[in-house]
Amino acid sequence: MHKPAKTTSALPPAPLGTRGVERLPSDVRIGDYVLVGGLHHKIVDMRAGAGHRHKVLIFSTGAVWTMDSPRMVYRPIVEGGHG
């Protein structure tokens with residue numbers, strides 16, 4: 001019997017010079033990258049969202065997205081530190 005091919009959704013590699021860390025919305029920083037819609041987006045600004053558990057992120061593309069749960073964030077690696 002023929003088995004259907006497995007489909008795997010491979011994540012794109014982390015942006016160069018970053019490493020992935022899971023963060024709450026309250027812990028993201030300007031300069032971090034967030035994977036949304038299969039692409040990494042650099043955070044250039046942010047605003048408080050509806051409630052203390054939300055953060056409205058503004059990306060370098062001008063797109064706006066609300067982070068409302070813990071998520072993998074790609075933070076630039078700082079030489080001599082933990083980023």
Side-chain angles (χ1 to χ4, degrees):
M1 186 166 155
H2 177 71
K3 292 183 180 180
K6 288 185 179 181
T7 56
T8 57
S9 57
L11 294 176
L16 190 61
T18 68
R19 68 174 167 176
V21 289
E22 188 166 309
R23 297 288 180 192
L24 296 167
S26 60
D27 294 334
V28 295
R29 301 177 187 169
I30 290 175
D32 287 348
Y33 292 81
V34 180
L35 184 67
V36 178
L39 299 172
H40 293 288
H41 296 274
K42 185 177 184 179
I43 301 169
V44 296
D45 202 359
M46 60 183 75
R47 304 281 186 268
H52 68 282
R53 294 186 181 174
H54 295 76
K55 190 76 67 110
V56 178
L57 306 179
I58 302 165
F59 300 129
S60 59
T61 60
V64 177
W65 182 75
T66 301
M67 183 175 173
D68 60 2
S69 61
R71 191 170 186 97
M72 186 63 68
V73 171
Y74 297 87
R75 182 157 290 167
I77 298 169
V78 178
E79 193 171 320
H82 298 287

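Rounding to the nearest 0.5 angstrom, the gap separating the NE2 atom in His40 from the OH atom in Tyr74 is 5.0 Å. Taken to the nearest 0.5 Å, the CE atom of Met67 stands 10.0 Å off from the CZ atom of Arg23. With rounding to the nearest 0.5 angstrom, the CZ atom of Arg71 is 9.0 Å from the CG atom of Asp68.
Minimum heavy-atom separation, Asp32 to Arg29: OD2-N, 2.8 Å. Nearest heavy-atom pair, Val21 versus Met72, reported as atom, atom and distance to 0.1 Å: N-SD, 3.3 Å. Heavy atoms only, all atoms of each residue included: Leu35 and Pro12 are closest at CD1-CG, 3.7 Å. Across every non-hydrogen atom of Pro25 and Pro70, the tightest pair is CD-N, 4.3 Å.
No side-chain donor-acceptor contact under 3.5 Å links Arg53 to the backbone of Leu24.
Taking the ring pair (Phe, Tyr, Trp, His ring centres under 6.0 Å) definition, one finds that Tyr33 meets it with nothing, sequence neighbours left out. Checked against salt bridge (Lys or Arg N to Asp or Glu O under 4.0 Å), Asp27 has no partners two or more places apart in sequence or in another chain.
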Next on the checklist: Go through it in stages, so that I can follow the logic: the residues are Ile30 and Met46, the test is side chain to side chain contact (heavy atoms under 4.5 Å, CB included), and I'd like the CA-CA distance, side-chain angles, deciding distance and then a yes or no.
Outcome noted: CA-CA 7 Å; Ile30 290 175; Met46 60 183 75; 3.9 Å; yes

Identify all side-chain donor-acceptor contacts of residues 54-64 below 3.5 Å with residues at least two apart in sequence or on another chain.
| residue | atom | partner | partner atom | Å |
| --- | --- | --- | --- | --- |
| His54 | ND1 | Ala50 | O | 2.8 |
| Thr61 | OG1 | Ala63 | N | 3.3 |

